[in-house]
Amino acid sequence: MTAMEFLPVLFMIAGVVLVTGVTLFVSSLLRPSNPYPAKNMPYECGMDAAGEAAAGRFRVPFFILAILLVVFDVEAMFLFPWAVVLKEIGLVGYIEMFIFILLLLVGFAYAWLKGALEWEA
Amino acid sequence: MTATTLFQSALASLPEIVVITGACILLILGQFVRKGQEHFLVWASVAIVLIAALATLMLASEVRPAYAGMFIADRFAVFFKFVFYLATLLTFLLSRKYADIEGIGSSEYYVLLLFALSGMMIMASATDLLSIYVGLELMVICTYVLTGFLRRERRSNEAALKYVILGAVSTGIFLYGVSLVYGLTGTTQLDGMAAAVTGDPLDPGLLLAVVFIVAGLVFKVGAVPFHMWLPDVYEGAPTTITAFMSTGPKAAGFAVILRVFLNPLVAASNVWIIVAVIAVVTMALGSFVALVQDNFKRLLAYSSIAHAGFAIFGVAAGGADGVASVMLYLLIYAFMNLGIFGAVIMMRNGDFSGEVIEDYAGFAKSHPGLALLMLLYLFSLAGIPPTAGFFAKFYVLVALVEHGFVMLAVIAVLLSAVAAYFYIRIVMVIYMREPKRAFAPALTPLVRAALAVTAAGTIGIGLFPSWFLKLAQDSVFGG
Amino acid sequence: MELIVALGLIVFKVAFLIAILLLLPLPLTWLERKIAGHIQQRMGPMRVGWHGLLQPVADGIKLLTKEDHIPAEADRFLFKLAPILALAPPFVVFVAIPFGESISVLGAEITLYVSNMNVALLFVFAVIGIEVYGVIFGGWAANSKYAVLGSLRTCAQMISYEIPMGFAVIGVVMLAQSMSLLDIVRAQTDVWNIVYQPVGFFVFFVAGLAEAQRIPFDLSEAEGDLGAGFHTEYSGIRFAFFMVSEYAIVLLVSVLVVILFFGGWNGVLIPLPPLLWFVLKVAFFVYVFIWFRFTFPRYRYDQLMAIGWKVLLPLSMANIIITGILLGAMAAP
Amino acid sequence: MVPLWWYIVLGVVLFVIGAAGVLLRRNILVVLMSLELLLNSVNINFIAFGRYHADFRGQIFAIFVIAITAAEVAVALGILVALVRNKSTLKVDDVTVMKG
Amino acid sequence: MGFPLLSFIIFTPVAGAAVLMFLRGDDAARWTALSFTVLDLALCIAMLVGFDTTTHAMQFTETRPWVPALGINYALGIDGISALFVFLTALLGSICVLASWVAIDRKVKEFMICLLSMQALMLGVFCALDLFLFYVFWEAMLIPMYLIIGVWGGEGRVYAAIKFFLYTLAGSLLFLIGVIVLYFYGGRTFDILALTEQDLPFRIQSWLFFAFLIAFAVKVPMVPVHTWLPDAHVQAPTAGSIILAGVLLKMGAYGFLRFSLPMLPEASMYYSTLMLALSGLAIVYGGLLALAQDDLKKLVAYSSISHMGFVTLGIFALNLRGLEGGILQMFNHGVTTGALFLFVGLIYERTHTRSIADYGGLMKVAPVYTTFLALFTLSSMALPGTNSFVGELLVLSGGFAANLVAGSAAVLGALLGAAYLLGMYGKVALGPASVGARLTIRDVNAREMAAILPLAVFVLWVGLYPKPFLNIIDASVKHLLTHVHSRGSGQ
């Protein structure tokens, strides 16, 4: 029964939220709170932080990585159901999935050759 | 599915396999191509397309259903595939020099075009909404990237972004329609859908679903009310890609529309009224807005909207002749539009963009031959005999009148008279102005070849349309 | 009535799980420091309690009573949300994890798992993916350059290693013909998957190390160069949440390794109770985690990414292909 | 058992929210997210209908939609990166240079 | 099917254009064009010699399948009506080349190509026996004509060219729809003769009649849609004006004769009064406008409107005299107005002004010129002894027989014509010589004479001995008339 399989997930989420909530509440009773500007400054070697932290230009590899992830992760999605029914669909299933993986490899090889995977320290 | 049927299916889809395999190989090999050897890429791409064309031709003799009803290799598909081959090949020929000038002549450019070609081919052959969707996306995703290929050009970025977002929305609309059809009929196969709805064709839910699907597809061909992306994208994209998009993917969109419209489900749902309205509005908008354009590419974008509208008239006409007329229209449009784009592409040289109509002032004086070619394409686009453009329009009108849509035909011709104005305005600039500059068109042998092919097609089909007409008619009945 | 019993059982199991997961970090931190100490030829914590046994408790109290500091420029909502987002996924994942078949308590058979999903493996990956949000929100919300950079790096690392990790388990799924973890363990009654899937195990384990951000892949929190990574600005109890989450992930990876590759609760040679087998195996891998931490040097960030993309990913794909071919070859005759 | 029309209503609601988001929001990232929402409403439909018809095609279609959408979004992000590097803005209105 | 004479006639200029493409040098271009047009003229004369005046049937027919799937043939053939115009076209073709010998001084080669292709297309229009083929020729003329006006015209040429293009295009596109409708109602054929034999329902006939009317009326031009003509005429180079006036305008009337009357007899008869009214309006209106002109070319242009009104009047009188007169008048107008434009062009080459006020006393400096001008002016006024007299007389008598009011309008128009033409001639040729004229004007030279003389010959020949011309058209016209009357009123 699907409901009985996924109901615990809800319970667990509720449990975690409850526990964290209680902990935070207890903590808030116990902990001191005396902020002052210097303390509230972001950690930046004691200098005043200049501008929005996220406003800086991030290196493109981060974006490329995100894009690669989106593509690869989603393609992996096709592999799971295939792996489950592997024996039932027989040879044709093998061939088709190998073609799929091959295409994936082509894309991967391209990304590699193109230097998308090079990461300068 | 057994191995035998898989083999049969693979055979039926051999052209697609050839193109995709070739594109993959080229993708990898392209990384090893050194600077100054880019011509290898062109020739390799051309070879791939030619092999695929050969395969298509060899398999054209019979109808081959494949992949459990998702795919079919019939004459309808063959016809469209040849339109795609034509558009792609000519784009390759036109691209070489232009890509060098713009600095986009990397292997990805050609590979993406090949992948887009394969997507279009899948669209032409698809008989299941799923395969239609996959082909469609394969095609548009490639064109998204190609649109933004001028990475340092803001217009190009902008065009690509608009294209992606609006394209994704239209895909979403299309998919929503598909999901409704699936929910109502329990199948996504075109044949299965038809069989499932024989009982009550006017189910409002189905009508809604069909409207959604039509809306999604209409976007791809750039018809009103989903045309807003088109001018910006056409203007921003590299000109070669604009040329390609206005012919290949547009034809592919029509292939799917026709395939869906050949389906009794759509035929039963009286959706042709919507289609007729779309056709009228599309053509009107394309024609009238084009009147005030100064940018050549933008003008051609609106002209392309207008032409899409005219082709949709053929869809609205329906019937074998209606379908054949759309097919012929697209074939001819591929010739003449690639021709005129070829001329625009050729103008891009040095710091001269050739994108503004006024730039062409007095072109006839220094380059009478090229000006004559442009004249030919422009009059063909305007639909003046004896060019092919006339016959294309004529046949659509015949189909319209045959099915009793005389009023639509009248509207169509009146609007095409409006459209004629902006074409002859360009002719006017080319022929009747004094030149302001020295022209140095980038006229490489490849561009020459492309122009020769398009010119031969434009005038040849105009004078001897019989064979092509027969081809289109036969392709309909085969499908 | 039955329903109420079933629900009650679920609530009980969930509560039990939460309790274990919350409490386990206490001994684990102690263990870690002790092991560290002994590896480095020193004693580790010795002051609080016998051999410092109560040290984690003291730490806990300290964290609980510490000031909760929120930077002035922070996005307060996300800042508060992030620790919970980081904490919840590993906890939720455990819902899908079986610890054994069942035990009888007072004559009633009680299954040693909360839920037997048929897509448990997918569920695990899906939920663990949410962890990334905790990291990125935490780093971004603090509006501190160290934190942002740290969170970006962590993110990049986590998603890079998620791919080979996912690919690595496909071999296991192919063998078991199921994504249910229970079925996967049952399929290993005779032979553990490690025999067929050594490469898969290697990839999975290394990726697991990175997922848990443990040395040698703990670049993002490398105190030396990035403050403390994405949780630079966190203090007090919210910081504790991140820590607990990290230990939960260590535990999770160990458990998954055991279930996927080491036969789960299936014993070998010595007939111990299945649950004990399971706990022992998990303990071993937890120990390995700790052991690695004080044995290996840290990789450079570019090396870290290179390993993920250029070594593990091809390896895992090759693993799928080879497994497929072997399975096909076995099935063919 | 959850009745079918709940799913459909959910799908419609998501679709409308997504469409509204695409049309009204000015931040391109938000627009992309709205797109995802829109496409996921389609997925919900497919899966619900697939279950209703006891047919696997719905799920297949949903998987394809997810995968292809991922590719699409990847492309969109790539273009966005290129755009932002040319001009650092994420506002739709700032993007437009072409008019007419 | 014997020797494909008509194809040769049509494609001789095309061959000339093709040869020209590979030539260099302006003089070479001129001589080549001239020789090809003269060759073409010779072929036409041969055709006339072999023409059988006793039958109304199509002669010199050729039929080849072109687009079999749609029943389109490449079908040529001429009867009495078209024979006359084929000849006229070929004649004016040669004269146009002569007329533009020095007037066109840039892009000579291109101009000649345009001229030759124009001629081929016009010939094609008159020879086509297939509606589709007819339409192709008809519409394709727009391209060279557009260029002739737009590239080699006067200052306002671009505006004029575009106006000409759009008017004609819009009209002919509706005609196209009509053609397609006819195709389906007529049993899926584009064969003109077969379509003539169809009995269409009256409702369809009316619709088609108006569709055709728009196209033909623009070409003729009839009054509400005539405004493109003065612009086009004024801006076009001389040769362009000659073609426009001499041949292009005839095509509208030819369309009435070839399509409206035989294919839609019922509608033609029903709406003949309307057509007569429009014709009368054109005659008077055109005359009045011409009276008010100061520009020589404009004057001739407006007189064309008036004269073409006579033609349509004759046609829609729907009796033998009217029809024969109308057709003959088409020929006459081609000759006379062509000649008048030629004369305006000749004088414009010398003085670069077309304003009547700038001229005076030309008689003294250019006697030959003024003498011939007098001949053509009188011809245009339809003085007895000139060609137009015969035509106009026939039209008038036919017109009066059909409708008294229309006939009276025609008489009024003739009077107006006398007024403006005489006024023009008086101001230009007689009186004291203007200063500029006296100094610069030289008389006609031999080349110009070669262009003028044939026209003069025809003016007098038709005027004094019209029988051969009437013979050519007689059989066909009679047949047409019986056809219209039997079909149109038989129901």
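Each chain gets a letter, A, B and so on, in the order the sequences are listed, and its residues count up from 1. Everything numeric here is computed off the predicted structure, so don't read it as measured data.
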If one checks every heavy atom of C:M117 against chain A at 4.5 Å, the contacting part turns out to be both
Would you mind checking which part of A:V26 comes under 4.5 Å of any heavy atom in chain C, side chain (CB onward), backbone (N, CA, C, O), both or neither?
-> side chain
Given the rule in the side chain to side chain contact (heavy atoms under 4.5 Å, CB included) test, do A:W82 and C:I320 qualify, once you have shown the distances and angles that lead to the verdict?
-> CA-CA 11 Å; A:W82 167 74; C:I320 294 172; 4.1 Å; yes
Minimum-distance pair of heavy atoms, taken over all atoms of A:F80 and C:G166 | CZ-O, 3.7 Å
Apply side chain to side chain contact (heavy atoms under 4.5 Å, CB included) to the pair A:E118 and C:K310, showing each step before the final yes or no.
-> CA-CA 9 Å; A:E118 305 299 328; C:K310 294 184 181 173; 2.6 Å; yes
Under 4.5 Å from any heavy atom of chain A - which part of C:V169 = side chain
First locate atom NZ of C:K80, then atom CG of A:L24, and finally report the distance between them rounded to the nearest 0.5 Å.
-> 9.0 Å
Measure distances from C:M305 to the heavy atoms of chain A and classify the residue's part below 4.5 Å as side chain, backbone, both or neither.
-> side chain
Intermediate values then yes/no, side chain to side chain contact (heavy atoms under 4.5 Å, CB included), A:F11 and C:V114 = CA-CA 11 Å; A:F11 283 13; C:V114 186; over 6 Å; no
Comparing A:L86, A:L30, A:L104 against chain C, the one with the most heavy-atom pairs below 4.5 Å turns out to be A:L86
Rounded distance [0.5 Å steps], OG1 in A:T20 versus CD1 in C:I237 | 10.0 Å
Where does A:L18 contact chain C at under 4.5 Å (heavy atoms): side chain, backbone, both or neither?
-> neither
Which one of A:P81, A:A111, A:S27 has the most heavy-atom pairs closer than 4.5 Å to chain C?
-> A:S27
Do other residues, nucleotides or ligands put more than 12 heavy atoms under 6.0 Å from A:F100 CZ?
-> yes
On a heavy-atom basis, the closest approach of C:S160 and A:L65 is OG-CD2, 3.5 Å
Of the backbone (N, CA, C, O) and the side chain (C-beta and beyond), which part of C:L22 lies under 4.5 Å from a heavy atom of chain A, both, or neither?
-> side chain
What heavy-atom pair brings C:F123 and A:V9 nearest, and what distance separates the two atoms?
-> CZ-CG2, 3.6 Å
Please assess C:W309 against A:F108 for the test side chain to side chain contact (heavy atoms under 4.5 Å, CB included), listing each intermediate value before the final yes or no.
-> CA-CA 9 Å; C:W309 285 101; A:F108 180 66; 4.2 Å; yes
Between CG on residue C:L327 and OH on residue A:Y94, distance to nearest 0.5 Å = 4.5 Å
Checking heavy atoms, do the side chain of C:I321, its backbone, both or neither come under 4.5 Å from chain A?
-> both
Which region of C:F241, side chain (C-beta onward) or backbone (N, CA, C, O), has a non-hydrogen atom less than 4.5 Å from a non-hydrogen atom of chain A, or is it both or neither?
-> side chain
C:L21 side, atom CG; A:M12 side, atom CE - distance, nearest 0.5 Å = 6.0 Å
Here the gap from A:L79 atom CG to C:M174 atom CE, rounded to the nearest 0.5 Å, amounts to 8.5 Å
Heavy atoms only: give me the nearest C:Q177-A:V84 pair and the separation to one decimal.
-> OE1-O, 3.2 Å
Between C:I170 and chain A, which part of the residue has a heavy atom less than 4.5 Å away: side chain, backbone, both or neither?
-> both
A:F98 versus chain C, the contacting section by heavy-atom distance below 4.5 Å | side chain
Tightest non-hydrogen contact, residues C:V14 and A:P8, listed as CG2-O, 4.1 Å
Give the minimum heavy-atom separation between C:I163 and A:L68, together with the two atoms involved.
-> CD1-O, 4.5 Å
Bottom line for C:L313: the part with an atom under 4.5 Å from chain A's heavy atoms is side chain
So NZ of C:K66 and CZ of A:R31: to nearest 0.5 Å the spacing works out to 13.0 Å
Counting heavy atoms not belonging to C:I4, are there more than 12 under 6.0 Å from its CD1?
-> no
